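What's counted below: heavy atoms across the whole structure, side chains too, no hydrogens, waters or symmetry copies. Source: prediction; values computed, not measured.
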Amino acid sequence: MLGLSVDRLRADMNRLLALLFHQGVLDEQFLQLQQLQDESSPNFVSEVVNIYFHESEKLLRNLRGLLVDKEFSDYKKMGVHLNQFMGSSSSIGAQRVRNVCVAFRAATEQNNRPGCMRALELLEYEYCYLKNKLHELFQIEQQRILAAAVRYPVVQQQLQQHPNNA
């Protein structure tokens with residue numbers, strides 16, 4: 001029964017990852033990031049992604065702050081924030097977020113304030129979708145790890161009482 005639970009959770013993780021790849025939310029860079037995780041750093045991916053989330057939220061606040069300013073005219077500064085966002089998104093494989101950043105940067109290069117506002121709304125949407133889905137993935141992964149680590153005392157006791165049956 002326990003093995004089925006672990007297998008079911010692994011299958012749930014694989015289905016969610018397949019969906020995110022199919023939707024273009026993630027790309028192969030995310031898989032490369034996963035390959036860097038091992039027993040010595042079992043939370044590597046979630047730690048890197050949480051740093052990405054923290055930095056991304058600062059960048060989103062900065063972008064929104066620039067655009068709500070009625071006197072705003074510093075599109076170059078906005079471009080710098082977008083370049084940072086694009087780079088960090090690329091490094092974790094957040095393909096759709098990165099693609100929106102590219103379109104957003106094009107709007108800044110044209111000094112297109114309405115286009116920047118629309119791009120910011122789309123960027124916030126894609127970022128929230130990514131964040132929710134990756135949190136879901138990490139929760140399933142934690143459940144799988146816990147399920148795999150569970151030991152039932154009754155089974156252990158039976159093995160001790162009847163070692164020849166093992």
Spacing of OH belonging to Y125 relative to CG belonging to L120, to within rounding of 0.5 Å: 15.5 Å

Could you please spell out the steps behind the side-chain contact (heavy atoms from CB on, under 4.5 Å) verdict for L63 and L123? CA-CA 10 Å; L63 290 166; L123 182 58; 4.1 Å; yes

Could you tell me if the side chain of R10 sits less than 4.5 Å from the side chain of N14, heavy atoms only? yes

Residue set satisfying side chain to side chain contact (heavy atoms under 4.5 Å, CB included) with N99, at least two apart, ordered chain then number -> Q95

Partner set under side-chain hydrogen bond (donor to acceptor under 3.5 Å, both in side chains) for Q32, not counting sequence neighbours: none

Which pair of non-hydrogen atoms, one from L60 and one from Y127, has the smallest distance, and what is that distance? CD1-CD2, 3.5 Å

Given the rule that I, L, V, M, F, W and Y join up when any side-chain heavy atoms are under 4.5 Å apart, are F104 and M117 in one cluster? yes

How long is the straight-line distance from CD of Q34 back to CG of L17, given to the nearest 0.5 Å? 5.5 Å

Non-neighbouring partners of Y129 that pass side-chain hydrogen bond (donor to acceptor under 3.5 Å, both in side chains), sequence neighbours left out: Q23

Between CG on residue L134 and CG on residue L26, distance to nearest 0.5 Å: 5.5 Å

Honestly curious: do L36 and F138 fall in one hydrophobic cluster under the side-chain, below-4.5 Å linking rule? yes

Is E55 close to S88 at the side-chain level, that is, under 4.5 Å between some pair of heavy atoms? no

Atom pair CG (L20) and CZ (R15), whose distance is rounded to the nearest 0.5 Å: 13.0 Å

Partner residues of S90 under the side chain to side chain contact (heavy atoms under 4.5 Å, CB included) criterion, sequence neighbours left out: R98

How close do V6 and A148 get, heavy atom to heavy atom, and via which atoms? CG2-N, 3.6 Å

Supply the atom-to-atom distance N62 CG to Q84 CD, rounded to the nearest 0.5 angstrom. 8.5 Å

Hydrophobic cluster mates of M86, side-chain heavy atoms under 4.5 angstrom, ILVMFWY only, any path? V102

If you apply the rule side-chain contact (heavy atoms from CB on, under 4.5 Å), what do you find for E126 with L130, and how did you get there? CA-CA 6 Å; E126 290 296 343; L130 172 73; over 6 Å; no

Checking salt bridge (charged side-chain N to carboxylate O under 4.0 Å, His left out) for the pair R118/E121: CA distance, chi angles, key distance, verdict? CA-CA 5 Å; R118 284 190 302 276; E121 289 173 10; over 6 Å; no

Separation between CZ (F85) and OG (S56), nearest 0.5 Å, reads 4.0 Å

Hydrophobic cluster membership, L31 vs L137, 4.5 Å side-chain cutoff: yes

Test of understanding: with salt bridge (Lys or Arg N to Asp or Glu O under 4.0 Å), list the residues that count as partners of R64, not counting sequence neighbours. E124

Can I get a per-line list of side-chain donor-acceptor pairs under 3.5 Å for residues 43-53, giving both atom names and the distance, sequence neighbours left out?
unit_1, atom_1, unit_2, atom_2, d
S46, OG, N43, O, 3.1
N50, ND2, S46, O, 3.0
Y52, OH, S89, OG, 2.9

For L59 and L82, what are the C-alpha separation, side-chain angles and deciding distance, and is it a side-chain contact (heavy atoms from CB on, under 4.5 Å)? CA-CA 8 Å; L59 290 168; L82 287 167; over 6 Å; no

Any sub-3.5 Å donor-acceptor pair from R113's side-chain atoms to L67's backbone N or O? yes

Got a sec, which residues hit side chain to side chain contact (heavy atoms under 4.5 Å, CB included) with N111, two or more places apart in sequence or on another chain? Y75

Quick one: side chain to side chain contact (heavy atoms under 4.5 Å, CB included) partners of N132, sequence neighbours excluded? none

Name all residues meeting the salt bridge (Lys or Arg N to Asp or Glu O under 4.0 Å) criterion together with K77; count only those two or more places apart in sequence or in a different chain, and write none if there are none. none

side-chain hydrogen bond (donor to acceptor under 3.5 Å, both in side chains) involving N83 - partner list, sequence neighbours excluded: R105

Any salt bridge (charged side-chain N to carboxylate O under 4.0 Å, His left out) involving residues 81-93? Give me the pairs, sequence neighbours left out, ordered by first then second residue. none

As a quick check of understanding, evaluate side-chain contact (heavy atoms from CB on, under 4.5 Å) for Q143 and L146, giving each step before the final call. CA-CA 5 Å; Q143 291 172 357; L146 289 173; 5.8 Å; no

Correct closest heavy-atom pair for S40 and P42 would be C-CD, 3.6 Å

Which heavy-atom pair separates S5 from A147 by the least distance, and what is that distance? OG-CB, 4.2 Å

